[in-house]
Amino acid sequence: RPHVPATPARYAARPSHAPHCPTLRCQNPLMSSTPSMLHIRAAHPHESYALQALFASAIHTRAQASYTPAQLDAWSHARDTRGFLFDIMRLGKHFLVAEEHGTLHGFGAVENDCIVLLYAHPEAPHGTGSQLLQALEDIAAAEGTTTLTLTSSLNAEGFYRTHGYE
């Protein structure tokens, strides 16, 4: 994992669907060694409905302590199945899912030097988000990216800091 200096997070403009979201950066993305039976692979277009349901479930369950019900509703409705289908087609191998025995447990996407999506179902196996993040970092590193940025929800800040983002 990269060294994380003891400096405050860098903040940038927030997307309207996720209020109060800091932008975090990671130098020299590296893979960690989180074992699991999960299979990380590119998403398929026919999975857009399942991804939208997973997205809404993750938001309403994992972020409920950090946001109001109205904010959660707006955020979870900001991306519909057509949006997921468009992103899967546009990002191709850069849009990943984590599955185990045919069940989708999470998804993530990287575009250029930015993690644009990373969500895990509330009942996903422990380490799902970490495995998706390391796979996205690996894709970016293989393409020459040395610094990744992302916009984090309040409830996910600790997760990203644990993985070397500041």
Side-chain angles (χ1 to χ4, degrees), residues 1-32 34 36 38 40 43 51-80 83-84 86-88 90-91 94-98 104-141 143 145-166:
R1 288 275 160 225
H3 170 71
V4 182
T7 59
R10 295 181 187 104
Y11 293 87
R14 301 181 302 269
S16 61
H17 64 276
H20 308 294
C21 297
T23 295
L24 306 172
R25 302 178 191 281
C26 182
Q27 297 290 329
N28 301 320
L30 302 172
M31 290 185 63
S32 67
T34 307
S36 176
L38 289 173
I40 307 294
L51 292 173
Q52 199 286 323
L54 192 156
F55 176 72
S57 180
I59 289 167
H60 280 281
T61 303
R62 294 185 183 265
Q64 66 183 340
S66 301
Y67 299 97
T68 68
Q71 289 172 317
L72 295 173
D73 284 341
W75 183 6
S76 67
H77 289 99
R79 182 177 294 270
D80 62 9
F84 278 106
F86 176 77
D87 284 344
I88 291 167
R90 183 174 61 85
L91 296 171
H94 295 107
F95 194 119
L96 304 177
V97 295
L104 294 182
H105 292 292
F107 63 90
V110 62
E111 185 171 14
N112 301 317
D113 64 349
C114 186
I115 304 285
V116 293
L117 294 167
L118 184 58
Y119 291 86
H121 189 276
E123 296 175 12
H126 181 73
T128 298
S130 295
Q131 287 188 57
L132 280 164
L133 180 60
Q134 72 189 36
L136 295 169
E137 290 174 345
D138 191 43
I139 288 171
E143 293 180 355
T145 300
T146 59
T147 301
L148 282 169
T149 60
L150 58 88
T151 301
S152 174
S153 59
L154 294 173
N155 54 291
E157 278 187 305
F159 168 82
Y160 290 114
R161 290 188 193 287
T162 298
H163 288 83
Y165 290 77
E166 58 181 33

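One is the number of the first residue; the rest follow in order along the sequence.
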Measuring from atom [atom1] of [X] to atom [atom2] of [Y], what distance do you get when rounded to the nearest 0.5 angstrom?
| X | Y | atom1 | atom2 | value |
| --- | --- | --- | --- | --- |
| Ser66 | Asn155 | OG | CG | 4.5 Å |
| Gln134 | Ile40 | CD | CD1 | 8.0 Å |
| His121 | Leu51 | NE2 | CG | 12.0 Å |
| Gln64 | Gln71 | CD | CD | 13.5 Å |

(message) Can you classify the ring geometry of Phe107 versus Phe55 as parallel (below 30°), tilted (30 to 60°) or perpendicular (above 60°)?
(response) tilted
So [Y] and [X], do their side chains get closer than 4.5 Å, heavy atoms only?
| X | Y | answer |
| --- | --- | --- |
| Tyr165 | Leu133 | yes |
| Arg90 | Glu111 | yes |
| Phe159 | Ser130 | yes |
| Leu38 | Thr128 | yes |
| Leu118 | Leu150 | no |

So, for [X] and [Y], which heavy atoms are closest and what is the spacing to 0.1 Å?
| X | Y | answer |
| --- | --- | --- |
| Glu137 | Leu148 | CG-CD1, 3.7 Å |
| Leu91 | Val116 | CD1-CG2, 4.4 Å |
| Ser76 | Ile59 | CA-CD1, 3.7 Å |
| Val110 | Ala140 | CG2-CB, 4.3 Å |
| Leu132 | Tyr119 | CD1-O, 4.1 Å |
| Asp73 | His60 | OD1-CE1, 2.9 Å |

Expected output: side-chain [X] to main-chain [Y] donor-acceptor under 3.5 Å:
| X | Y | value |
| --- | --- | --- |
| Thr61 | Ala58 | no |
| Arg62 | Ala156 | no |
| Ser57 | Ala53 | no |
| Tyr67 | Ser153 | no |
| Arg79 | Ala56 | no |
| Thr145 | Ala141 | no |

(request) Evaluate side chain to side chain contact (heavy atoms under 4.5 Å, CB included) for Thr147 paired with Asp113, printing each intermediate quantity in order. (result) CA-CA 7 Å; Thr147 301; Asp113 64 349; 5.9 Å; no
(message) For a quick check under 3.5 Å, do His94 and Glu143 share a side-chain donor-acceptor pair by atom type?
(response) yes
